[in-house]
Protein chains: 2
Amino acid sequence: MPNRSSTRITLRRPDDWHLHLRDGAMLRAVAPHSARDFGRAIVMPNLVPPVVTSEEAAQYRDRIRSALPAGSRFEPLMTLYLTEATEPSDVARAYMSGVAQAVKLYPAGATTNSHAGVRDLEKVRPVLERMAEIGMPLCVHGEVTDPEVDIFDREAVFIDRVLRPLRRRIPDLRIVLEHVTTQDGVDFVRDAPRNLAATITTHHLVINRNAILAGGIRPHYYCLPVAKRESHRIALVQAAVSGDERFFLGTDSAPHLDSAKLQPCGCAGVFSAPVTLPILAEVFAAAGALSQLEAFASLNGPAFYGLAPNEERVTLVKGEVWSPPASIVTDEGPVTVFDPGFPLHWRVEEAS
Amino acid sequence: MPNRSSTRITLRRPDDWHLHLRDGAMLRAVAPHSARDFGRAIVMPNLVPPVVTSEEAAQYRDRIRSALPAGSRFEPLMTLYLTEATEPSDVARAYMSGVAQAVKLYPAGATTNSHAGVRDLEKVRPVLERMAEIGMPLCVHGEVTDPEVDIFDREAVFIDRVLRPLRRRIPDLRIVLEHVTTQDGVDFVRDAPRNLAATITTHHLVINRNAILAGGIRPHYYCLPVAKRESHRIALVQAAVSGDERFFLGTDSAPHLDSAKLQPCGCAGVFSAPVTLPILAEVFAAAGALSQLEAFASLNGPAFYGLAPNEERVTLVKGEVWSPPASIVTDEGPVTVFDPGFPLHWRVEEAS
């Protein structure tokens, strides 16, 4: 149990079970922000070209390690981008050798750099069956890409059209429904056996779709899956603070250059890594559930992935209101930092 | 009845019953586009500062006329921006003298430059009662501004919270529910007495909210009221092609500099005036209802406003696919033209 009072809370160092670190100059700019606060992160493989093979994952892991500050103990946990050409043997090799902890399923076209994703789940069935045998998790971007389906329905429709049939066909496959955004998703996870979990992002705990569209359009609040109406946000907060071990933090922190967030890309993604822990402290404190923060951020994730929680501790301290930087600088331009829209009182205490 | 075949349709010159012409350089850039295709337009008064008094409306009308091409017969029909300080006598004078055809109600904060709008409808009751007496229409931006209300619910909630009580209190007031975007709005108008009508925009007949948010965020499709899900778009098309005299064209063409559409304003508004008639021809032809286009664009509006339809005719001709300009140039920068996302075959035939 964390040591806590109304103004301090100490917990095992959190991990981020869904993170985009990019590559090159962007990687070098953003990796230190995750390394500062988190012990480990599941690193998403949607580079251009994507990280598909165990060899590519090992190389990407090396580049990430090179981008970390000297002495950092941050550990990148790699994922493989599932394609219809992925080999079951390569996936198993990556998992058994510790190169990759999971495979990421992107329905083709669902989000940033997902063109190489999966169109027909039958084609990857041998991979998924092999993963079920060895206990390797499948991380799922849970949205259909059917243009006929309303953008706000795409998670719920994915659950019905894809996840329920997949669960029936391969019930032993361990699945993480990534960045769940709906009451439907929360209910689906709650009602499922324990080998199905969900990550919840920082920003989906904080904003609803009004933040994107009311009184002006705000690309910096735009991500995929897109934030839904307030009742869904409340369902996510309730799941996060419940202590239920099937819900854990995955920030989906996903930096884009400001120039790309606007035109012509209109890219999906919110950069929240630098402010996630202070924001989570506000959210959990407001829910009267600070004591559950450690479960959500530090315990449930490793338990699902079969890893020990971090031994290190971090302390969050409540004090005067402070303002995080509006953006960080990269060699290629600024990247806006997620603004929760409420004042922050909590900070991560610097190691003395 | 229009003279029509599958490739030509001649109809009375359309009017635009909801138009933003702005002022200064923007007015000079956009007015010719409306003047080219339309006979008249109800010009919205949300300048900075807004057009509140009959004198301000007369001056704004003069500036619009000065911005028209030489020889243009385009007629701006002026509106007064309703504030809680508006005088019933000034409104009546503007209407009786022909300076203004309508009053525009903006709930404070609902859209671009609506800060001066109405917070408490009781405060403008004497104005509304005077308008009911003299038959002057009230044009309503039908969205609540309550931040607790989901952005996609704001029209339906406005109907229940504001319009239904207003109809009960002043049943003789002639009302136009501007830029209706929902099945709820369509049903409300259909079920009401004949002194309630609605305008429908070009873009709400064409796009649903996926156009703004699926696979990238697209500020150039963002307007207020925001486009809703597909079932609502279909309800709007059905109302437009039905021939029901209570539905007529109001483009809500609302130019913003591209620089303002992006950051920091994220301004609401779509600039559709240059392409409205070709788009409408596509939409009505696809619905098998080209014969209803004249009612929607040229007859129902003047009937509601108690004006004669235009005597002039325009002819739309179907031919090869053509591409409208992506943007127009103003002295202050480019303004993106609404892209319907489908090929255009119809054009307005140039006068020979």
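The sequence lines fix the lettering, A, B, ..., with proteins before strands; numbering per chain opens at 1.
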Rounded to the nearest 0.5 Å, how far does [atom2] of [Y] lie from [atom1] of [X]?
X      : Y      : atom1 : atom2 : value
B:R209 : A:D150 : CZ    : CG    : 4.0 Å
B:E148 : A:N208 : CD    : CG    : 9.5 Å
A:R154 : B:L213 : CZ    : CG    : 10.0 Å

Worksheet item: Is B:R164 atom CZ crowded by more than 12 heavy atoms from other residues, nucleotides or ligands, each under 6.0 Å away?
Response: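 Yes, the 6.0 Å shell around CZ holds more than 12 heavy atoms from other groups.
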
Discussion item. Would the distance check show the side chain of B:N210 and the main-chain N or O of A:V149 forming a donor-acceptor pair, the cut-off being under 3.5 Å?
Written reply: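 Yes, the answer is positive, given that a donor and an acceptor are paired below the 3.5 Å cut-off.
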
Discussion item. For B:D153, which atoms come within 4.5 Å of any heavy atom of chain A: side chain, backbone, both, or neither?
Written reply: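 Interface part for B:D153: side chain.
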
Worksheet entry | Minimum side-chain heavy-atom gap B:R218-A:I217 below 4.5 Å |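 The answer is no, as the side chains (C-beta and beyond) never meet within the 4.5 Å cut-off.
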
